[in-house]
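Order of the sequence lines sets the chain letters (A, B, ...), proteins ahead of strands, with each chain counted from 1.
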Number of protein chains: 2
Amino acid sequence: MLNKTRFVSPATEVRIRQAIQDLNYEPDHIARSLRARRTLTVGLLVSDIANPFYADIVRGAEDVLSERHYSLILCDTDEAPERELASLRLLRQKKVDGLIIVPTGANVAPLYEANSAGLPIVLVDRKLPGDLLDTVVVGDQAGAYQATCHLLEHGHRRIGVIIGKASISTTDHRRKGYEQALIEHGLSPDPTLVRDGHSSIEGGAAAARELLDLAPRPTAIFSTNNLMTVGLFLAIKQRRLCCPKDIAVASFDDMVWLSVFSPGLTTIAQPNYEIGKRAAELLWDRMAGKQDSPRIIVLPPQLIVRESCGHGLPQSDA
Amino acid sequence: MLNKTRFVSPATEVRIRQAIQDLNYEPDHIARSLRARRTLTVGLLVSDIANPFYADIVRGAEDVLSERHYSLILCDTDEAPERELASLRLLRQKKVDGLIIVPTGANVAPLYEANSAGLPIVLVDRKLPGDLLDTVVVGDQAGAYQATCHLLEHGHRRIGVIIGKASISTTDHRRKGYEQALIEHGLSPDPTLVRDGHSSIEGGAAAARELLDLAPRPTAIFSTNNLMTVGLFLAIKQRRLCCPKDIAVASFDDMVWLSVFSPGLTTIAQPNYEIGKRAAELLWDRMAGKQDSPRIIVLPPQLIVRESCGHGLPQSDA
DNA sequence: CTGAAAGCGCTTACAG
DNA sequence: CTGAAAGCGCTTACAG
């Protein structure tokens with residue numbers, strides 16, 4: 001009766017407010033959710049909250065959603081399709097009003113089915129075939145293109161690339177951007193220079209070792225996400241090489257920490273927080289019942305030039 | 001009836017399972033929660049999920065809780081007491097079965113009240129006066145003591161310290177560890193060498209500038225958390241100084257990223273993930289009805305020696 | 001052993 | 001305009 005659903009006489013209102021005070025009454029959200037058929041809760045499914053990229057996204061979403069009185073249930077998938085599926089199912093049982101998800105790419109149908117069944121969903125960081133759901137991504141191909149061009153402009157011709165997991169849209173797009181840049185510069189992409197880093201630190205390190213052990217060694221390496229970049233630098237250290245002197249590096253993803261340590265990493269920064277924020281706003285519209293066709297938002301990446309690409313060809317300095 | 005609450009004849013069971021299949025039945029968790037008076041949901045209140053320290057803690061908690069079929073509602077407080085209070089209230093209305101919280105320190109009574117009212121709570125990262133709640137912290141004083149001793153052993157006598165927000169237990173403890181080390185080495189703590197960095201990047205930078213502008217300049221600075229360390233390095237850069245040549249640095253908190261960039265940061269690593277994991281386990285016991293007195297778990301910090309303290313007094317190298 | 005009723009705490013129509 | 005009943009989808013005692 002206090003939900004402003006109709007007029008209440010001032011006298012009764014005072015009486016009721018008094019009672020609320022006296023009894024220390026707090027409404028029960030569970031009962032309210034059951035009856036009102038909405039929980040004011042949203043599910044947030046990310047690969048790994050310990051990865052700062054996703055943590056920033058979550059923060060962006062949290063800020064807009066909490067301000068609108070929504071809570072958020074967080075789940076990590078670890079890129080495991082079965083975990084993703086289990087979480088999706090649980091979240092539906094818990095009757096979340098909406099879902100923001102970084103899809104593994106392996107559960108397309110269940111996601112579309114859930115959406116058709118009335119669950120608003122917005123995809124984040126990765127697209128899904130068909131583009132049937134609201135999506136917020138970054139211009140991955142453009143970003144990778146920029147990074148590779150930057151390397152090419154520094155005179156590099158043998159540029160290795162560490163790519164992420166297959167089945168993730170960013171992997172394809174970033175690889176495409178890399179190849180596009182090479183081709184536009186009259187080079188033909190060499191398959192031996194592209195290695196799968198599995199989007200992880202260990203995978204990145206292994207891929208980097210393969211690249212560094214090639215003869216002749218590439219003069220530059222483009223690592224396509226933050227975790228693999230850590231692996232790359234681990235490998236560089238292990239091989240007792242020095243960046244940018246022995247090997248130039250361009251990367252994807254940025255963090256404050258990277259701005260103060262050496263070598264200053266030249267990287268493609270993504271608007272992490274903004275991704276989460278925009279996703280939450282899209283979701284908000286859907287939860288409010290907006291019915292138009294799926295919106296695909298592509299946010300611009302930004303090349304941050306620091307020092308890891310050197311000022312020219314690395315070995316020419318030596 | 002399928003909740004294993006009593007025997008069901010095989011025939012009926014088959015019939016029911018068939019119906020579940022046919023109707024695509026999924027239990028409604030909201031209705032279940034209302035009736036069963038438990039939600040299988042836990043609240044997680046941290047300062048800022050975008051801070052990798054807290055993200056790791058959340059991950060640790062998520063792993064043990066999700067395995068036990070609990071979901072987790074995430075809230076950021078931004079160290080704002082009113083946000084903390086609002087979240088606590090909301091979480092209670094949403095009838096979470098338990099709460100893991102990094103307390104701001106400003107809402108002690110409400111936390112104790114909620115706990116008395118039957119809400120299991122475990123404190124994380126920070127203690128609260130009275131120690132009335134289960135708590136998982138790190139040996140902050142011991143850690144700060146170790147870091148400071150390390151600096152002292154490298155010949156430093158004028159050691160600045162950037163401390164965090166007042167009202168947070170870690171701030172006091174880390175400051176105490178710093179002073180203890182000085183005293184044990186026959187030095188008397190100099191108040192002009194301790195600056196408040198407000199536990200933030202900007203605050204850390206401002207505090208660092210004050211320290212770096214002192215005449216004579218301290219030969220070393222101990223920064224007591226990850227954010228303030230970023231600020232410290234920003235200030236070092238701004239003043240065109242070089243670590244460890246011009247100024248030695250010891251820090252608190254570690255990250256994989258720090259292991260591959262220069263200068264290798266000598267720091268006190270906390271077992272972030274473990275903190276979250278242990279907290280979740282404590283909470284689990286409480287939610288299961290365990291009734292003994294509050295358990296205060298103090299996890300050991302670990303000194304990671306890299307290169308930011310140099311091999312001796314910084315200016316003697318110059 | 002099993003069916004049917006009561007009730008969790010709200011909100012939402014429905015009478016008056 | 002306002003009170004009282006019905007009902008959200010479950011679980012939990014209670015009969016049979």
Side-chain angles (χ1 to χ4, degrees), chain A residues 1-43 68-71 73 86 88-99 113-114 117-120 287-289, chain B residues 1-43 68-71 73 86 88-99 113-114 117-120 287-289:
Chain A
M1 60 189 106
L2 276 183
N3 297 322
K4 290 167 189 158
T5 181
R6 64 183 181 191
F7 177 84
V8 176
S9 77
T12 356
E13 182 167 349
V14 167
R15 246 179 58 224
I16 290 172
R17 293 204 179 282
Q18 188 55 248
I20 288 175
Q21 285 275 327
D22 295 347
L23 301 171
N24 218 284
Y25 171 80
E26 295 279 354
D28 182 321
H29 264 262
I30 297 298
R32 177 177 292 182
S33 296
L34 179 60
R35 180 66 240 228
R37 323 195 72 61
R38 60 173 210 167
T39 54
L40 293 180
T41 304
V42 154
R68 272 117 127 135
H69 304 104
Y70 271 77
S71 316
I73 295 185
L88 173 63
R89 191 175 165 189
L90 180 65
L91 257 11
R92 290 183 73 177
Q93 291 181 164
K94 290 211 168 176
K95 298 285 183 282
V96 293
D97 295 337
L99 177 64
E113 190 277 318
L119 178 67
M287 293 191 303
Chain B
M1 58 188 107
L2 276 183
N3 297 322
K4 290 166 191 161
T5 180
R6 66 183 179 188
F7 177 84
V8 177
S9 76
T12 358
E13 182 167 350
V14 168
R15 245 180 56 226
I16 291 172
R17 292 204 180 283
Q18 188 54 248
I20 289 175
Q21 285 274 329
D22 295 348
L23 301 171
N24 221 283
Y25 171 80
E26 294 279 354
D28 182 320
H29 264 262
I30 297 298
R32 177 177 291 181
S33 295
L34 179 61
R35 180 66 239 232
R37 322 195 74 63
R38 61 173 209 165
T39 54
L40 293 180
T41 304
V42 153
R68 274 119 129 135
H69 305 104
Y70 271 76
S71 315
I73 295 185
L88 172 63
R89 192 175 163 190
L90 180 65
L91 258 10
R92 291 184 73 177
Q93 292 181 164
K94 290 211 170 177
K95 298 284 184 281
V96 293
D97 294 337
L99 177 63
E113 190 276 320
L119 178 68
M287 293 190 302

Separation of [X] atom [atom1] from [N] atom [atom2], in whole Å?
X       : N      : atom1 : atom2 : result
B:Arg35 : D:dG7  : CZ    : C1'   : 15 Å
B:Arg32 : C:dC10 : CZ    : C1'   : 20 Å
B:Leu40 : D:dC10 : CG    : P     : 15 Å
A:Lys94 : D:dC8  : NZ    : P     : 23 Å
A:Lys95 : C:dT11 : NZ    : P     : 19 Å
B:Ile30 : C:dG7  : CD1   : P     : 23 Å
A:His29 : C:dC10 : NE2   : P     : 10 Å
B:Arg38 : C:dC8  : CZ    : P     : 19 Å

[atom1]/[X] to [atom2]/[Y] distance, rounded to the nearest 0.5 angstrom?
X       : Y       : atom1 : atom2 : result
B:Arg32 : A:Leu34 : CZ    : CG    : 13.0 Å
B:Gln93 : B:Leu88 : CD    : CG    : 10.0 Å
A:Ile30 : B:Ser33 : CD1   : OG    : 5.0 Å

- Query: With sequence neighbours left out, what residues match B:Arg68 under side chain to side chain donor-acceptor pair (under 3.5 Å)?
  - Reply: none

- Testing C:dT11, D:dC8, C:dC10 for proximity to the side chain of A:Ala36, the answer is C:dT11

- Closest to the B:Leu34 side chain: D:dC10, C:dT12, D:dG9? D:dG9

- For residues B:Thr41 and B:Lys94, is any side-chain donor paired with an opposing acceptor at under 3.5 Å? no

- Query: How is the base pairing of DNA chain C summarised as a dot-bracket string, given the Watson-Crick and G-U wobble criteria with both distances under 3.5 Å, [ ] for crossing and | for another strand?
  - Reply: |||.||||||||.|||

- Is the distance from OP1 or OP2 of C:dG9 to the nearest side-chain N or O of B:Arg37 less than 4.0 Å? yes

- Message: Would you say that A:His29 contacts B:Leu90 through its side chain, given a criterion of any heavy-atom pair below 4.5 Å between the two side chains?
- Response: yes

- Does the side chain of A:Val42 come within less than 4.5 Å of A:Val96's, by heavy atoms? no

